[in-house]
Amino acid sequence: MQTANDPKIIVALDFPSQNPALELVDKLDPGKCRLKVGKELFTRSGPQLVEGLQKRGFDVFLDLKFHDIPNTTSAAVAAAADLGVWMVNVHASGGEKMMTACRERLESFGADRPLLIAVTVLTSMNADDLAGIGITDSPEAQVSRLATLTKNCGLDGVVCSAQEAPKLKAEQGADFKLITPGIRPLTADKGDQQRIMTPTDALKAGSDYLVIGRPITQAADPLAALEAIHSEVIGL
Ligand SMILES: O=c1ccn([C@@H]2O[C@H](COP(=O)(O)O)[C@@H](O)[C@H]2O)c(=O)[nH]1
């Protein structure tokens, strides 16, 4: 259920610099959405921008998808926790030792620690893309395998596509959070996403949070696009 205290929509601020990002953010309501800062905007504008978004009242998902050795990755998630972000992520394919080191490092932040989640299979990838990196299982099977590893390491959830959500909720339980990009309203361009679902279907399938970028940020009227999605999902 979408409530004012736990907005389900996470707007991906994939902008080339902070000015266009803030132009949109200053029209948004932190009661209706959270914000995601990814590699492009963080590389341009960094921690100062994240702090500015948080001062405006928004929860920030720092989507830097860390993938490195345990020592380096756990230090990076601790730096994210120092920034005060709501959620941070790593790649599950970094493995058990890396994810466990990250989870243990965040324990020292107590109840205020960010949610720690792991990327399973990018929503831009299909079975052929997986085969290209030597994985002959279906995306669904690979996502399940990496979600099980992630849960066993004590993380809070995974990034997956909404298509995998029913299986993951059955396998990992209701509390294991599913953060799903690849969200496309019926009229939106698919772009480079492969495993997609509409906002309504994604929430019905078991997504906890919907990551939505271009269908909002590239819309002729981004605020109207967000409002339309918000109205669609508000009762779910
Ligand atoms: O598997 C993944 C992991 C992360 N993302 C990120 O989500 C947004 C999606 O943006 P759209 O414009 O709605 O496609 C983007 O920032 C990605 O880096 C993902 O798409 N898939």
Side-chain angles (χ1 to χ4, degrees), residues 8-18 20-21 24-25 28 33-45 49-50 53 58 60-67 85-94 115-127 129-130 133 135 138-140 142-147 150 155-165 168 177-203 205 207-220 222 225-226 228-230 232-233:
K8 302 296 183 195
I9 299 171
I10 303 175
V11 178
L13 295 177
D14 291 326
F15 289 101
S17 65
Q18 78 168 26
L24 172 62
V25 167
L28 301 181
C33 65
R34 293 177 156 108
L35 303 176
K36 183 175 89 64
V37 175
K39 291 184 172 78
E40 181 184 17
L41 191 56
F42 192 79
T43 303
R44 292 265 180 219
S45 305
L49 172 69
V50 172
L53 300 175
F58 289 95
V60 174
F61 169 18
L62 188 63
D63 178 26
L64 298 182
K65 302 182 187 71
F66 297 128
H67 191 179
V85 300
W86 165 69
M87 184 184 279
V88 64
N89 60 0
V90 300
H91 268 285
S93 52
L115 293 169
L116 177 62
I117 61 167
V119 178
T120 55
V121 175
L122 293 168
T123 52
S124 56
M125 299 181 82
N126 60 21
D129 298 311
L130 280 185
I133 57 167
I135 296 165
S138 66
E140 190 180 62
Q142 179 68 359
V143 167
S144 275
R145 177 181 300 117
L146 290 173
T150 301
L155 275 63
D156 299 297
V158 288
V159 178
C160 59
S161 93
Q163 294 178 10
E164 292 98 40
L168 292 190
K177 297 191 188 328
L178 305 182
I179 291 79
T180 61
I183 300 299
R184 290 291 182 268
L186 283 174
T187 54
D189 281 345
K190 188 176 170 188
D192 54 358
Q193 298 285 6
Q194 294 286 342
R195 305 191 331 277
I196 62 173
M197 209 177 258
T198 67
T200 296
D201 287 348
L203 285 176
S207 297
D208 291 288
Y209 298 105
L210 311 177
V211 175
I212 313 176
R214 288 163 288 183
I216 294 171
T217 58
Q218 304 292 311
L226 173 59
I229 296 169
H230 184 260
E232 182 186 319
V233 302

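What's counted below: heavy atoms across the whole structure, side chains too, no hydrogens, waters or symmetry copies. One-based numbering, in listed order, for ligands and for the atoms of each.
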Nearest heavy-atom neighbours spanning [X] and [Y]:
| X | Y | answer |
| --- | --- | --- |
| V143 | C160 | CG1-CB, 3.9 Å |
| L41 | L13 | CD2-O, 3.4 Å |
| A162 | S207 | CB-OG, 3.6 Å |
| V158 | A147 | CG1-CA, 4.0 Å |

Do other residues, nucleotides or ligands put more than 12 heavy atoms under 6.0 Å from I133 CD1? yes
From [options] - option closest to [atom] by heavy atom:
| atom | options | value |
| --- | --- | --- |
| atom 11 (P) of ligand 1 | K65, H91, R184 | R184 |
| atom 9 (C) of ligand 1 | R214, R195, Q193 | Q193 |
| atom 21 (N) of ligand 1 | D189, T123, I179, I212 | T123 |

Only heavy atoms of [X], strictly under 4.0 Å: list the atoms of ligand 1 that pass.
| X | answer |
| --- | --- |
| G213 | 10 (O), 11 (P), 12 (O), 13 (O) |
| V211 | 7 (O), 8 (C) |
| L122 | 1 (O), 2 (C), 3 (C) |
| P215 | 13 (O) |

Contact partition for D14 relative to ligand 1, non-hydrogen atoms under 4.0 Å: side chain
Ligand 1 contacted by [X] (non-hydrogen, < 4.0 Å):
| X | answer |
| --- | --- |
| K39 | no |
| K36 | yes |
| G38 | no |

Should T180 and S161 count as side-chain neighbours, where that means a heavy-atom distance under 4.5 Å? no
Aromatic rings Y209 and W86: how do their planes relate, parallel, tilted or perpendicular, breaks at 30° and 60°? perpendicular
